[in-house]
Amino acid sequence: MNSEAPNPLVLFMPSGKRGRFPIGTPILDAARSLGVYVESVCGGRATCGRCQIEIQEGNFAKHKIVSSLDHISAKGPKEERYERVRGLPEGRRLSCSATVQGDLVVDVPQDTVINAQIIRKAATDRVIERNPAIQMCYVEVDEPDMHKPLGDLDRLKAVLAKDWGWKDLRVAQHLIPEVQKILRKENWAVTAAIHKDMELSRATVIALYPGLKNEAYGIACDIGSTTIAMHLVSLLSGRVVASSGAPNPQIRFGEDVMSRVSYVMMNPDGREAMTKAVHEAVNGLIGKVCGEGGVDRNDIFDSVFVCNPIMHHLFLGIDPTELGQAPFALAVSGAVQGWAHDIGIEVNRGARFYVLPCIAGHVGADAAGATLSEGPYRQDKMMLLVDVGTNAEIVLGKRGHVVAASSPTGPAFEGAEISSGQRAAPGAIERVRIDPVTYEPKYRVIGVDKWSDEEGFEEAAKTTGVTGICGSAIIEVVAEMYLSGLISEDGVIDGALAAATPRIFQNGRTFSYLLRESRDGGPRISVTQNDIRAIQLAKAALYAGTKLLMEKQGITEVDTIRFAGAFGSFIDPKYAMVLGLIPDCDLDEVKAVGNAAGTGALMALLNRDHRREIEREVASIDKIETALEPDFQQLFINAMALPNKVDSFPKLRTVVKMPESKLADAGLAGVDNAPRRRSREERAARRRGG
């Protein structure tokens with residue numbers, strides 16, 4: 001290799017942390033230097049096997065990395081011995097033994113991580129009226145009679161018609177060879193699981209059991225870009241039996257949805273690899289919730305899925321390439337249903353699946369699920385419903401008219417592209433406050449009950465460490481830096497304050513804010529100028545999309561705001577508004593509604609009428625493509641300021657003391673810009689000789 005060439009670039013997924021390292025650096029050392037958690041108990045002796053990693057191959061265009069197995073060292077004697085004695089899963093390497101030989105994308109498998117990301121998507125406590133698509137029907141079938149030569153299956157269908165009113169039944173093909181054996185096992189008494197979704201569709205016997213079968217379950221699953229959340233539900237009682245979540249393994253192919261589309265474009269087998277990865281994750285979660293609930297996965301007869309458009313296509317095995325370029329055409333926008341077995345979902349052989357409709361090219365079935373859950377179309381107040389993620393989905397409306405759009409916020413709010421950013425896991429800073437006089441911070445960490453300035457914090461934090469900043473804290477620290485005067489409204493860290501506090505320090509050509517000094521081998525955590533720019537870009541995209549929808553509705557303010565999604569549950573509304581992430585609103589009317597998309601999936605699972613409801617509403621929603629709107633760019637530029645260059649936020653200013661505006665060309669509420677305008681006019685007059 002050319003000695004002038006830079007050291008190889010190593011990118012760790014799913015954290016997104018990256019750095020350059022000399023050839024020959026053990027991958028475990030590279031991970032530790034970046035603050036990436038890779039467990040090792042044996043001290044690098046290749047005996048514990050806890051430090052396993054996987055190398056991803058392909059052209060990762062977003063990161064300008066071509067990762068290959070040729071860019072990692074061959075297995076040495078220690079690793080070969082471990083594999084011979086203990087065994088290594090296919091594709092796994094021991095990071096304590098493997099060394100960097102070229103550019104790499106390294107996946108840290110979540111099954112090796114003890115303090116892994118917390119998946120904060122719990123089930124709703126809402127009471128949902130039941131009308132499921134599955135019905136369990138117990139019948140006693142007449143035995144064969146030589147004088148009435150009717151087949152066993154035909155007699156089963158006849159008694160289901162007589163006892164339960166099911167006429168013109170279809171029977172799943174895989175059941176037909178089994179019918180006679182099942183009928184005879186319990187003296188002609190059987191329970192049929194019957195699926196009927198739409199009123200005009202024919203009902204189908206999808207499963208058949210000897211005797212009385214009084215169990216039937218379904219799953220409601222939200223496949224997000226970052227996480228997958230699943231609920232196991234009794235279709236007979238409506239009870240949520242178990243809930244669980246896991247990181248979306250597709251993140252190793254790209255942190256955001258567009259980078260995954262790019263991966264598909266540049267790698268011939270990219271679509272198949274990502275479809276396989278998400279199916280494996282879904283099937284793994286099914287096993288997990290069944291284990292927690294004491295349920296046989298073969299007793300799952302129905303499933304409902306919500307996901308954004310690109311996850312929707314990849315889950316269904318559809319090439320998402322068209323969604324990566326205008327006009328962002330969906331292969332299918334309406335609801336999709338079929339046999340779960342046909343898309344690789346490992347449940348009962350006759351189980352069905354239903355995917356909610358997508359609203360638009362980048363406003364997916366997850367937004368439809370959240371819309372079903374919160375029902376802006378059922379309200380008399382103007383409701384803003386926003387799901388903050390790598391691609392924010394925005395729905396705005398009330399009874400009679402609803403509009404929707406998406407904004408490409410990117411992964412900054414998830415911790416990616418932030419120098420000390422990470423996902424929500426034990427050890428991550430989740431809350432931040434900054435003293436406006438001393439500029440000293442205090443913070444709270446996931447897994448520790450105390451604030452950092454309280455006695456006993458450091459001792460309590462030893463179990464988790466303090467490892468980085470997660471999304472909720474990223475919003476708070478930038479907002480607090482603005483409120484305390486550390487950054488201006490255009491997002492620039494005030495380097496002059498370096499003389500007033502050691503927390504502000506020069507970092508190359510810009511300045512950074514030190515949140516926590518390195519202790520006990522932990523990382524040094526700071527907020528850089530680039531971090532603030534990344535947050536400004538993300539929040540400006542979301543706010544500009546919202547303002548565009550407000551213009552379409554002909555309004556200047558909203559009545560209520562609902563944060564959907566796991567991340568939204570942990571955003572402090574005040575700081576979101578100070579940052580300019582959301583428009584001005586009475587803070588009492590800003591609420592988190594949790595995983596509303598998952599709640600919508602639950603509603604559609606337990607009541608097929610909700611499927612028809614959201615299908616009707618999605619058809620009537622006006623879809624706005626922000627990329628095609630001429631006003632979007634100016635709205636975006638205005639939204640780069642904190643909280644905004646032109647919007648005054650009067651309601652926020654009644655409860656939060658905001659810094660005075662210093663922008664030259666736009667005044668905010670409470671700031672008299674007349675003297676500034678007069679002085680400009682006077683200077684201009686003097687130049688003219690007036």
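Along the sequence shown, residues are numbered consecutively beginning with 1.
The backbone N or O of I223 sits nowhere less than 3.5 Å from a side-chain atom of D366 that would complete a donor-acceptor pair. No donor-acceptor pair under 3.5 Å is formed between the side chain of R252 and the backbone N or O of M13. The main-chain N or O of G224 is found under 3.5 Å from a side-chain atom of N248 such that the two form a donor-acceptor pair. Proximity of a side-chain donor or acceptor of S95 to a complementary backbone N or O of I27 within less than 3.5 Å is not detected. Here the side chain of H231 pairs no donor or acceptor atom with the backbone of I219 at under 3.5 angstrom. Counting only distance, with no hydrogens or angles, the side chain of H279 and the backbone of I343 share a donor-acceptor pair below 3.5 Å. No donor-acceptor distance shorter than 3.5 angstrom exists from the side chain of E393 to the backbone of D387, with no hydrogens or angles considered. Listed for the H312 side chain is no donor-acceptor partner under 3.5 Å among the backbone atoms of I318. A donor-acceptor contact shorter than 3.5 Å is absent between the side chain of E346 and the backbone of E280. S303 places no side-chain N or O within donor-acceptor distance of the main-chain N or O of G218, the cut-off being under 3.5 Å.
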Just do the side chain to side chain contact (heavy atoms under 4.5 Å, CB included) check on R297 and N283 with the steps written out, would you?
CA-CA 10 Å; R297 68 195 306 148; N283 287 326; 4.1 Å; yes
Using the side chain to side chain donor-acceptor pair (under 3.5 Å) rule, take N530 and T528 through it: C-alpha gap first, then chi angles, then the decisive distance, then the call.
CA-CA 5 Å; N530 285 340; T528 70; 5.2 Å; no
Side chain to side chain contact (heavy atoms under 4.5 Å, CB included) between F353 and I345: does it pass, once the steps are laid out?
CA-CA 9 Å; F353 77 88; I345 304 304; 5.9 Å; no
Given the rule in the side chain to side chain contact (heavy atoms under 4.5 Å, CB included) test, do V478 and L579 qualify, once you have shown the distances and angles that lead to the verdict?
CA-CA 7 Å; V478 176; L579 188 67; 3.6 Å; yes
Quick one: do S97 and R93 satisfy side chain to side chain donor-acceptor pair (under 3.5 Å)? Show the steps, please.
CA-CA 8 Å; S97 296; R93 296 292 302 273; over 6 Å; no
Could you walk me through whether V105 and D107 pass the side chain to side chain contact (heavy atoms under 4.5 Å, CB included) check?
CA-CA 7 Å; V105 175; D107 186 29; over 6 Å; no
T371 and E617: side chain to side chain donor-acceptor pair (under 3.5 Å), yes or no, with the steps?
CA-CA 9 Å; T371 302; E617 293 304 325; over 6 Å; no
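One distance of note links CG of D103 with CG of L11; it measures 10.0 Å at 0.5 Å rounding. With values rounded to the nearest 0.5 angstrom, M640 atom CE is found 11.0 Å from I535 atom CD1. Atoms CZ and CH2, on R352 and W339 in that order, are 5.0 Å from each other to the nearest 0.5 Å. Atom CD1 of I429 and atom SG of C470 lie 9.0 Å apart (nearest 0.5 Å). For the atom pair CD1 of I571 and CD1 of I474, the computed distance is 11.0 Å after rounding to the nearest 0.5 Å.
Side-chain contact check for N7 versus F21: every heavy-atom pair is 4.5 Å or farther apart. Between V278 and M311 there is no side-chain heavy-atom pair separated by less than 4.5 Å. In this structure, P320 and R260 have side chains that are not in contact, with every pair of non-hydrogen atoms separated by 4.5 Å or more. No side-chain heavy atom of L356 sits less than 4.5 Å from a side-chain heavy atom of V618. Taking the side chain as every heavy atom from C-beta outward, L314 and R271 approach each other to under 4.5 Å.
S225 and N308 share a side-chain donor-acceptor pair at under 3.5 Å.
Nearest heavy-atom pair, V282 versus C221, reported as atom, atom and distance to 0.1 Å: CG2-SG, 4.5 Å. Of all the heavy atoms in P109 and Q52, the pair that sits closest is CD-O, 3.4 Å. Looking at every heavy atom in both residues, I359 comes nearest to K623 through O-CE, 2.8 Å. Nearest heavy atoms, I310 versus M258: CD1-SD, 3.9 Å. A pairwise comparison of heavy atoms in V304 and R611 identifies CG2-NH2, 3.7 Å as the closest pair. Across A541 and F636, no two heavy atoms sit closer than the pair N-CE1, 3.5 Å.
The neighbour count for K276 NZ, taken as heavy atoms of other residues, nucleotides or ligands under 6.0 Å away, does not exceed 12.
Each of V10, L9, V106, L104 was checked for a side chain to side chain contact (heavy atoms under 4.5 Å, CB included) with S67, and the lone residue meeting it is L104. When I475, D531, I525 are each tested for a side chain to side chain contact (heavy atoms under 4.5 Å, CB included) with I469, only one passes: I525.
Using the six-membered ring where Trp is involved, F60 and Y263 have ring planes that are tilted, between 30° and 60° apart.
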